[in-house]
Amino acid sequence: STAVLALQIAGGIVGLVGLGIGILSYVALGRNFRVFAAPRRSGMLITTGIYKNIRHPMYTAVVIALGGYVLAFGSACAAPFWFGCALLYVIKGFKEEQLLQAHYPEYEQYRKRTWMFIPYVL
C-alpha cells in the first residue's frame, strides 16, 4: 500500500542520515577511533568536524540508523529493540563522559558548548 511504501522510503532516508552521521564521525576521529568507550592514551580530544557541535555523534548515528530500520520494516518487535538500544547508548554516553572528563582537562569546557547527541534537543 501507499502508506507502507511511504514508511519504507522514510525509513531508508532516516537510515541513510544515520549512516552519513556515522561516516562523518569516523572521518573526524581518524586515528582516535576505537570501539571501546575509553579514550586512547595517546589520543587527542576531537572538537572539529561533526564533533564541533555533538559530543557523541557515533552513538547518534547508530540510534538514527536503527530508527530508520524500524520505520522501513515496520516490525512491532523492532520498536522495543530500538528503544532498548537507544537507552543503552544514552547510558554508554553518560559513562563515556566521565572517562573523557578524567582524561582530557579541557573536556568540561567542550561539554558546556556542545550537545550530547542531537543539537538543540539533547
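The basis for the numbers below is simple: all heavy atoms, side chains too, and nothing from hydrogens, waters or symmetry mates.
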The complete set of side chain to side chain donor-acceptor pair (under 3.5 Å) pairs with one or both residues in residues 8-37, sequence neighbours excluded, reads none
Ile50 and Tyr59: same hydrophobic cluster, using ILVMFWY side-chain contacts below 4.5 Å? no
Determine, using the 4.5 Å side-chain heavy-atom cutoff (strictly less than), whether Leu66 and Met58 are members of one ILVMFWY cluster. no
Taking only distance into account, with no hydrogens and no angle test, what donor-acceptor pairs under 3.5 Å do side-chain atoms of residues 12-21 form with protein atoms, sequence neighbours excluded?
none

In short, side chain to side chain donor-acceptor pair (under 3.5 Å) pairs touching residues 112-122 with sequence neighbours left out are Arg55-Thr114
Residues in side chain to side chain contact (heavy atoms under 4.5 Å, CB included) contact with Gln98, at least two apart in sequence or another chain: none
Verify same cluster id: Ile118, Met116 (apolar side-chain graph, 4.5 Å): yes
By the rule that ILVMFWY residues connect when side-chain heavy atoms come within less than 4.5 angstrom, directly or transitively, which residues belong alongside Ile91? Leu87
With Thr48 via side chain to side chain contact (heavy atoms under 4.5 Å, CB included) - residues at least two apart: Ile46
Which residues pass the ring-ring contact (aromatic ring centres under 6.0 Å, His included) test with Tyr104, sequence neighbours left out? none
Would a single hydrophobic cluster contain both Val27 and Phe33, if residues Ile, Leu, Val, Met, Phe, Trp and Tyr are joined by side-chain heavy-atom contacts under 4.5 Å? no
Verdict with supporting geometry, Phe117 and Val90, side-chain contact (heavy atoms from CB on, under 4.5 Å): CA-CA 9 Å; Phe117 298 110; Val90 168; 4.1 Å; yes
The criterion is side chain to side chain contact (heavy atoms under 4.5 Å, CB included); which residues satisfy it with Ala86, sequence neighbours excluded? Val63, Trp82
Following the transitive rule for hydrophobic clusters with a side-chain heavy-atom cut-off under 4.5 Å over Ile, Leu, Val, Met, Phe, Trp and Tyr, establish whether Met44 and Tyr110 coincide in one cluster. yes
Does some side-chain heavy atom of Pro57 sit less than 4.5 Å from a side-chain heavy atom of Leu24? no
The remaining residues in the hydrophobic cluster of Tyr69, counting side-chain heavy-atom contacts under 4.5 Å among Ile, Leu, Val, Met, Phe, Trp and Tyr, are Phe73
Quick check: are there more than 12 heavy atoms from other residues, nucleotides or ligands sitting under 6.0 Å from NZ of Lys95? no
Salt bridge (Lys or Arg N to Asp or Glu O under 4.0 Å) partners of residues 99-108, not counting sequence neighbours, each pair once: Glu108-Arg111
Output all residues satisfying ring-ring contact (aromatic ring centres under 6.0 Å, His included) with Tyr51, sequence neighbours left out; order by chain, then residue number. none
With sequence neighbours excluded, give me every salt bridge (Lys or Arg N to Asp or Glu O under 4.0 Å) pair touching residues 58-78. none
